[in-house]
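Values in this document were obtained by computation on a predicted structure and should not be read as measured data. Hydrogens, waters and symmetry mates play no part in the numbers below; they use all other heavy atoms, side chains included. One-based numbering along the sequence shown. For ligands, and for the atoms within them, numbers begin at 1 and follow the listed sequence.
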Amino acid sequence: MKQKLAINGGPATISKTFPWPVFDQAEIDSVADVVRSGKWGNPDCGDMVKDFEDEFAAYCGVKYAMTCVNGSVALRLALIAIGVRPGDEVIIPPYTFIATSSIVLEANCVPVFVDIDPDTYNLDAEKIEAAITNRTKAIIPVHFAGQACDMDKIMAVAKKHNLRVIEDACHGHGAEYKGMKLGSIGDAGCFSFQSSKNLTCGEGGMVITNDEKLYDMMNSLRNVGRVKGGQWYEHHKLGCNYRITQLQVVLLANQLKRLTAQTKQRHDNGTYLNSLLEKIDGIKPLARGVGETIHSYHIYIFKYDKSKFNNLPKAEFAKMLAAEGVPCFMGYPQPLYKQPLFREKNFMCYAIPEEVDYTKVSCPVTEKACYEEAVWIMQNAMLGSGEDMEKFSQAIIKIQKAVIG
Ligand SMILES: *Cc1c(COP(=O)(O)O)cnc(C)c1O
């Protein structure tokens, strides 16, 4: 039977909200304790910062972890620390947050866009090799939405061409590829603790690595170019102050205690929601199983086929679904290379050759994802119950029935 849609004043399918961040008195007490201690930051970042870094390194199964002010800076420091030179090319996907690309420009390097895989929306490992030139220095695979990239293939192609790999794991806290934590497989892995992310303290970032030289270099860059054993006012590198405060890390330490259970909840809900949405004609969840053992579902993405919804455009559909109470939206409106930043080359990157013209880039899979297919459900909704997942599915069916008429 056809029901009145919430967007037209009918009753919403779901009325509950999905709070984020999740916290209790433990978080409040931990911050209050730091406030009382008077040790909010520290010239050397403080013991609590180091303690949390060690804890996160152990959690990820790596030797070193370094906090910094945000995920963008984490990526930028990792890229500079691997030793890029002006004009070096860095391979990235165009279906990601702007920071994955802008940090490349900031390092005076050239972003080279390689399309995503239509089944997973991750960097298409099969297409990387064709984009490699003698100036290519690094690959930044993004574990998009919390689903692991095809790391075996990416690491193999990197090894063959002597490239460094920096994993953008800003969606992938706690997620795993073949039992290894995302971020622990490449030369470095970067995380964001911005407020929407699966592990958060409002703003913050982290780089993990097993490479001591890389770690020392990044540490110096974050700490105004100081070096181990150097004097306080002795500066060796072009760094800046990218340090985080004790207030932030005590929040993170408490949030980390919740992460394993939350990740399992999102993973299990994602698996269940896949089984429900697979049954709907015109809805297709992204494929799983390219080696990922735990999916962190920072975003739950499904593909929408408007031909099964009376040609209702995706953006309209997403608005209707949101009105039904599903925390969702249409995701990125366009590939990164279509942003004015790239089209108009609005950057002071003197190392980018004149002939680089981003208006000529074409990544059809990304374009289809942006313009037609992808609908995103946010991670806090994936912390709901099994019954909530059923309601998400029912809301889609309700819309389909209403628009088909
Ligand atoms: C959030 C995010 C970043 C940047 O992190 P910030 O902490 O916001 O600077 C980078 N890459 C991806 C994929 C992200 O989602």
Check ligand 1 for N or O atoms under 3.5 Å from a protein N or O and list each pair with its distance.
{"from": "ligand 1", "atom 1": "5 (O)", "to": "Ser192", "atom 2": "OG", "distance (Å)": "3.3"}
{"from": "ligand 1", "atom 1": "7 (O)", "to": "Gly71", "atom 2": "N", "distance (Å)": "2.8"}
{"from": "ligand 1", "atom 1": "7 (O)", "to": "Ser192", "atom 2": "OG", "distance (Å)": "2.6"}
{"from": "ligand 1", "atom 1": "9 (O)", "to": "Gly71", "atom 2": "N", "distance (Å)": "3.3"}
{"from": "ligand 1", "atom 1": "9 (O)", "to": "Ser72", "atom 2": "N", "distance (Å)": "2.9"}
{"from": "ligand 1", "atom 1": "9 (O)", "to": "Ser72", "atom 2": "OG", "distance (Å)": "2.5"}
{"from": "ligand 1", "atom 1": "11 (N)", "to": "Asp168", "atom 2": "OD1", "distance (Å)": "3.4"}
{"from": "ligand 1", "atom 1": "11 (N)", "to": "Asp168", "atom 2": "OD2", "distance (Å)": "2.8"}
{"from": "ligand 1", "atom 1": "15 (O)", "to": "His171", "atom 2": "NE2", "distance (Å)": "2.8"}
{"from": "ligand 1", "atom 1": "15 (O)", "to": "Lys197", "atom 2": "NZ", "distance (Å)": "3.0"}

Is the shortest distance from a Lys or Arg side-chain nitrogen in Lys314 or Glu372 to a carboxylate oxygen in the other one below 4.0 Å? no
Taking only distance into account, with no hydrogens and no angle test, what donor-acceptor pairs under 3.5 Å do side-chain atoms of residues 360-371 form with protein atoms, sequence neighbours excluded?
{"from": "Lys360", "atom 1": "NZ", "to": "Asp357", "atom 2": "OD2", "distance (Å)": "3.3"}
{"from": "Thr366", "atom 1": "OG1", "to": "Asp115", "atom 2": "OD1", "distance (Å)": "2.6"}
{"from": "Glu367", "atom 1": "OE2", "to": "Tyr337", "atom 2": "OH", "distance (Å)": "2.5"}

Salt-bridge contact Asp33-Arg36 (side-chain N to carboxylate O under 4.0 Å): yes
With sequence neighbours excluded, give me every salt bridge (Lys or Arg N to Asp or Glu O under 4.0 Å) pair touching residues 284-304. Arg288-Glu292
What pairs with Glu126 under side-chain hydrogen bond (donor to acceptor under 3.5 Å, both in side chains), at least two apart in sequence or on another chain? Lys153
Quick check with a 6.0 Å cut-off and a 45 degree axis cone: is Lys181 positioned over the face of Tyr59's six-membered ring? yes
